[in-house]
Number of protein chains: 2
Amino acid sequence: MDREVARGHVLDAAEELFYGKGIQAVGMDDIRSLSGVSLKRLYQLFATKDRLVEAYLERRDLGWRRRLAEHVETCDDPEGRIIAVFDWLELWFGEPGFRGCAWINSYGELGATSPTVATQARRHKQAFGRYLETLTDGAHLPRDLAGHLLLLAEGAMVTAGILGAPGTAAQARAAARLLLESARRTRPPAPAG
Amino acid sequence: MDREVARGHVLDAAEELFYGKGIQAVGMDDIRSLSGVSLKRLYQLFATKDRLVEAYLERRDLGWRRRLAEHVETCDDPEGRIIAVFDWLELWFGEPGFRGCAWINSYGELGATSPTVATQARRHKQAFGRYLETLTDGAHLPRDLAGHLLLLAEGAMVTAGILGAPGTAAQARAAARLLLESARRTRPPAPAG
DNA sequence: TGACTGAGAGAACCAGCGTTCTCTACGTTA
DNA sequence: TAACGTAGAGAACGCTGGTTCTCTCAGTCA
């Protein structure tokens with residue numbers, strides 16, 4: 001089996017298990033069973049469990065942000081794009097197996113003891129925050145708004161994860177609309193021409 | 001040593017260690033060392049680690065909500081009380097050893113495998129949400145606002161915990177003010193008399 | 001005084017798990 | 001065909017940690 005193919009299988013298994021059950025609840029043996037990659041090979045690909053966790057979080061970060069961006073880019077209106085973030089959250093929350101934000105969960109589990117996990121969580125949230133800033137910049141709205149939207153989105157992820165309330169994303173979107181209107185009122189769009 | 005005194009010492013140790021390092025990173029032996037209560041006594045007080053975790057989360061829930069309510073009640077103005085929630089978050093975030101929300105962290109760590117922890121986290125968040133509803137009811141503002149404020153507060157806890165950004169609570173408070181104004185505009189206070 | 005109860009200290013037991021090692025078998029090349 | 005390198009299966013190792021057991025001792029009551 002090709003090295004890259006094996007790597008992909010291992011990361012697929014890691015993502016399913018780590019996200020679904022938590023990192024410490026999953027043993028390297030479980031990864032082996034689900035991926036079909038032998039322990040020996042597994043340790044050739046990832047020297048320690050910590051490295052596997054890091055690779056899992058890195059790959060998921062790229063995928064998560066790509067999926068979000070792809071959805072947002074289906075919308076042409078700069079302000080609509082901001083709202084589209086919350087539409088995408090709603091889609092995500094509704095996916096089978098949704099269990100909250102992988103980075104929030106990992107950070108809660110290992111943030112205090114694993115610098116690797118703490119760093120990955122911080123990077124992911126910073127990247128998401130910067131992405132929201134590109135959206136508010138694109139709509140000529142103040143960056144304060146991006147900060148507020150970040151809080152709403154994070155709160156929605158947590159609340160949807162713990163409470164599983166079905167209307168959480170819609171609630172966040174409604175709040176986002178109100179904040180967007182407030183921001184538009186204080187800083188109207190650049191004059192045409 | 002009196003039973004209740006020993007129980008208090010154990011829970012003090014549990015709270016310090018579980019909150020600071022995560023639940024799975026702390027062994028019963030660590031609890032014994034810090035509390036000064038022997039393992040035998042410890043297991044007489046809490047039959048299993050799971051029961052100790054439950055008692056820790058229950059006691060912390062009562063203390064956390066009491067401290068919040070005490071701060072909020074220093075303010076007489078119904079709308080000011082709503083803002084006071086975010087003032088209190090700012091105080092909390094600034095405390096030494098702050099490491100995010102104990103329930104969000106516990107849920108991330110054990111929510112998928114421990115019904116005890118999942119239940120405690122859900123209960124705590126529901127109680128906090130209901131408390132916010134009493135505040136919006138008291139200010140004659142719609143309950144939608146309470147839901148939005150919950151998302152902001154949860155998002156602030158997560159963001160302050162992971163990013164440690166010092167301005168997070170102030171940002172959440174600013175967003176809360178905007179949402180409160182929006183809500184007041186659509187549903188003005190009940191007519192006097 | 002002498003059996004009994006309860007407490008503390010710490011060893012012991014047992015299971016889980018990260019990591020490594022052994023054994024076997026198969027494909028490749030001279 | 002025969003030596004060799006590599007891979008897989010799974011046992012083994014060592015450590016951690018939840019839980020229980022043992023031993024000792026102080027205090028109590030007949």
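Every chain is numbered from 1, with letters handed out A, B, ... down the list of sequences.
The ring pair (Phe, Tyr, Trp, His ring centres under 6.0 Å) search around Phe128(B) returns Trp64(B), not counting sequence neighbours. Qualifying side chain to side chain donor-acceptor pair (under 3.5 Å) partners for Glu73(A), counting only residues two or more places apart in sequence or in other chains: none.
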Contact list (N/O, under 3.5 angstrom) for nucleotides 17-21 of chain D vs protein:
from, atom 1, to, atom 2, distance (Å)
dG18(D), OP1, Val26(B), O, 3.4
dG18(D), OP1, Lys49(B), NZ, 2.6
dG18(D), OP2, Met28(B), N, 2.6
dT19(D), OP2, Tyr43(B), OH, 3.0
dT19(D), OP2, Lys49(B), N, 2.9

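Between the CG atom of Asp2(B) and the P atom of dG6(C) there is a distance of 16 Å, rounded to whole Å. Rounded to an integer number of Å, the gap from CZ of Arg3(B) to C1' of dA7(C) is 14 Å. For the pair Leu42(A) CG and dG18(C) P, the computed distance is 11 Å after rounding to whole Å. Atom-to-atom, CZ of Arg32(A) to C1' of dA9(D) comes out at 7 Å; the value is rounded to the nearest Å.
The aromatic rings of Phe93(B) and Phe98(B) are tilted relative to each other, their planes meeting at an angle between 30° and 60°.
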### Query
Please walk me through it: do Asp12(A) and Arg7(A) pass salt bridge (Lys or Arg N to Asp or Glu O under 4.0 Å)?
CA-CA 9 Å; Asp12(A) 289 345; Arg7(A) 208 182 136 88; over 6 Å; no

### Task
Kindly determine whether Asp61(B) and Arg65(B) satisfy salt bridge (Lys or Arg N to Asp or Glu O under 4.0 Å), including the steps that lead there.
CA-CA 6 Å; Asp61(B) 172 62; Arg65(B) 291 192 288 128; 2.9 Å; yes

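The backbone N or O of Ala156(B) sits nowhere less than 3.5 Å from a side-chain atom of Thr159(B) that would complete a donor-acceptor pair. Remark: side-chain polar atoms of Tyr107(B) are not paired, donor with acceptor, to backbone N or O of Ala112(B) under 3.5 angstrom. Not one N or O on the side chain of Asn105(B) forms a donor-acceptor pair closer than 3.5 Å with the backbone of Ala102(B).
For residues 96-125 of chain A, the pairs satisfying salt bridge (Lys or Arg N to Asp or Glu O under 4.0 Å) are Lys125(A)-Glu154(A), with sequence neighbours left out.
Side-chain N/O atoms of Gln44(B) include one lying less than 4.0 angstrom from OP1 or OP2 on dA7(C).
Arg177(A) and Glu181(A) are not joined by a salt bridge, as no carboxylate oxygen comes within less than 4.0 angstrom of a charged side-chain nitrogen.
The C1' atoms of five pairs define one axis at each end of the helix from dT1(C)-dA30(D) to dA30(C)-dT1(D), and these two axes lie 30° apart (to 10°).
Looking at residues 53-60 of chain A, you'll see that no heavy atom sits under 4.0 Å from any atom of DNA chain D.
How far CG of Leu145(B) is from NE2 of His148(B): 7.5 Å, rounded to the nearest 0.5 Å.
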